[in-house]
Number of protein chains: 2
Amino acid sequence: MEEKNDAAPEKKRRGRSARDQGLSRERVVEAALALIDAKGYASFSLRDVARELGVYPTAIYWYVTSRDELLVEVITRALGDLVPLPLPAKRWRDWLKELFHRYRSAVERHPNVAPLLGSQIISNASMNPAMVEAVLRTLLAAGFKPEELIHVYNTVITVMVGFVTLEFAGHGADQRDEWEQTLRMRYEELDHDAFPLLTANMPRMSNQAFIVRWKGGTNRALKQSFDRYIDVVLDGLQRQLVADAETEKRSRIESSGRSH
Amino acid sequence: MEEKNDAAPEKKRRGRSARDQGLSRERVVEAALALIDAKGYASFSLRDVARELGVYPTAIYWYVTSRDELLVEVITRALGDLVPLPLPAKRWRDWLKELFHRYRSAVERHPNVAPLLGSQIISNASMNPAMVEAVLRTLLAAGFKPEELIHVYNTVITVMVGFVTLEFAGHGADQRDEWEQTLRMRYEELDHDAFPLLTANMPRMSNQAFIVRWKGGTNRALKQSFDRYIDVVLDGLQRQLVADAETEKRSRIESSGRSH
DNA sequence: ACCTGAACACCGTTCAAGT
DNA sequence: ACCTGAACACCGTTCAAGT
């Protein structure tokens with residue numbers, strides 16, 4: 001147990017010498033992200049941030065208007081710049097692949113922010129329009145039609161966010177120990193007759209497949225799955241591109257046939 | 001503002017006549033889900049559940065050991081039975097499609113639970129092994145090789161969970177009004193020269209595309225995107241299946257060629 | 001302008017006590 | 001067995017006051 005008190009903030013600087021030249025929005029955000037990295041999101045509090053900075057909790061409000069606004073800034077900082085350098089139009093697959101990898105790397109560096117990525121308001125506010133613009137540019141250049149642009153765009157964003165959220169959310173130093181046992185036992189005591197495939201595949205699935213997980217930490221199998229997942233989606237998108245081009249060609253031939 | 005007090009629980013039954021024949025785990029979970037449906041997840045508290053049931057907050061602990069355990073039960077109840085009826089092996093695409101639609105429908109009925117789906121521990125604990133088993137059976141029957149089963153499985157789970165989490169999370173009666181303004185303004189004041197594609201596509205994107213959203217509520221464009229997304233992934237998976245079958249056939253021919 | 005300090009209205013959870 | 005009742009150690013946020 002740590003000593004926590006509501007009284008005067010500690011005047012002794014903790015390690016990184018807080019409050020040396022006063023607070024700033026930057027330093028508040030930095031401290032918040034550091035706390036989430038260290039102790040997880042579940043136990044995150046503004047009061048802890050204040051304690052870490054050696055100030056009263058209410059001092060935070062001079063720099064951010066609410067907890068949510070602070071969290072938006074934290075995610076923005078954690079994600080960093082996601083937009084890859086421009087590539088020739090034909091290399092749209094490579095460009096998207098790099099975008100996905102950049103996003104995953106960012107979350108891998110700050111896995112405890114993952115539970116926040118599911119929360120739309122916070123997630124939306126922390127993504128910058130430049131990224132949206134760049135995705136649209138890439139997709140249009142690749143040849144996707146304006147009418148279906150929105151659906152392809154939505155697919156791209158889900159692919160970027162969905163897997164990684166699931167991969168990293170709910171880990172960290174939080175309280176996982178109790179759940180670890182419960183979940184592990186649930187799968188250990190599984191009936192072989194009722195769940196033949198699941199029990200047979202337990203060695204290759206446990207802690208390497210979604211749902212069948214109870215331990216945190218990074219995991220090579222999931223990284224592989226992520227790459228495979230990306231390839232599946234890009235294959236699917238390319239197939240659509242080809243199909244569209246063909247129907248277009250066909251309809252051009254038909255209409256020119258009619259006109260003669 | 002509602003009247004909230006820490007004193008004695010209200011004895012007057014609220015609407016649905018709470019406490020008629022005593023509490024039960026079932027009734028606690030039901031009340032919790034009803035509260036989340038009505039007021040959103042952000043403001044959810046055990047104490048509110050107790051108030052709704054007309055008991056002291058601590059009475060809840062006779063039926064669940066913690067807030068997290070209650071939330072797991074809530075998700076389990078909200079998701080319901082996801083496993084589709086068995087289909088012939090060749091119809092694996094239809095089976096998966098129905099699984100995805102069942103999941104989406106469940107979350108659509110209880111959109112306020114969406115932020116919880118990102119949190120692994122809760123999400124994992126609320127999904128039953130029967131679903132995992134059924135997915136494995138379908139994928140193996142479809143012809144996916146045991147070595148890559150885990151990656152295809154992980155892809156399937158992400159597709160099921162990822163899009164819908166993003167689609168519904170962060171909505172409901174919560175506190176969205178303040179953010180609504182902030183986000184709307186951000187996109188309204190966007191520079192046309194710096195973001196030509198985004199500004200040009202605002203009419204078809206605003207509140208219908210991920211990130212470029214500020215209003216809650218269900219949305220037809222996103223449902224369409226979901227269906228397109230599913231098709232893209234299924235196309236990608238089928239392509240892999242075909243590619244695998246071909247390399248296998250080729251290697252069989254080669255080896256038989258060598259043996260003769 | 002920037003922070004203190006007190007206060008308000010909440011939380012989840014523990015534990016002893018009642019019936 | 002099931003719930004009350006008090007208590008503990010927290011929260012986010014508002015607002016007046018200090019410097």
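Per chain, numbering begins at 1; letters A, B, ... match sequence-line order. The figures that follow rest on heavy atoms only: side chains count, while hydrogens, waters and symmetry mates do not.
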Please report, rounded to the nearest Å, how far the C1' atom of C:dC3 is from the CZ atom of A:R27.
14 Å

B:F44 and B:L71 have their tightest heavy-atom pair at CE2-CD2, 3.8 Å

Rounding to the closest angstrom, what is the interatomic distance between D:dC15 and C:dC3 at atom C1'?
13 Å

Any B:W62 side-chain N or O less than 4.0 Å from OP1/OP2 of D:dC3:
no

Which nucleotides of nucleotides 12-19 of chain C have their base under 4.0 Å from a protein heavy atom (B), which only their sugar-phosphate (S), and which neither (-), written as one string 5' to 3'?
BBB-----

Please work out whether the ring planes of A:F226 and A:Y229 are parallel, tilted or perpendicular, with thresholds of 30° and 60°.
tilted

Has B:R51 got a side-chain N or O lying under 4.0 Å from the OP1 or OP2 atom of C:dC11?
yes

Any chance you could lay out the side-chain contact (heavy atoms from CB on, under 4.5 Å) test for B:T165 and A:V161, step after step, and finish with the verdict?
CA-CA 10 Å; B:T165 303; A:V161 177; over 6 Å; no

So that I can tick it off, tell me whether B:E98 and B:R102 are bridged by a salt bridge, with the cut-off set at under 4.0 angstrom between side-chain N and carboxylate O.
yes

If I compare all heavy atoms of A:W214 with all of A:E180, which pair ends up nearest, and what's the gap?
O-CG, 3.1 Å

Just how far, in rounded Å, is P of C:dG5 from CD1 of A:I60?
16 Å

Return the stems involving DNA chain D, sorted by first number, where pairs are Watson-Crick (N1-N3 with N6-O4 or O6-N4) or G-U wobble (N1-O2 and O6-N3), both under 3.5 Å, and runs are 3 or more long.
C:4-8 with D:12-16, C:12-16 with D:4-8

Please lay out, stage by stage, how B:E52 and B:R27 fare under the test salt bridge (Lys or Arg N to Asp or Glu O under 4.0 Å).
CA-CA 11 Å; B:E52 199 68 25; B:R27 293 198 53 222; over 6 Å; no

Specify the separation, in whole Å, of atom CG of A:L53 and atom C1' of C:dC3.
13 Å

Please give me the minimum heavy-atom distance between B:A106 and B:A78, naming the atom from each residue.
CB-O, 3.8 Å

Would you compute the distance between atom CZ of A:R213 and atom CG of A:L166 and round it to the nearest 0.5 angstrom?
7.0 Å

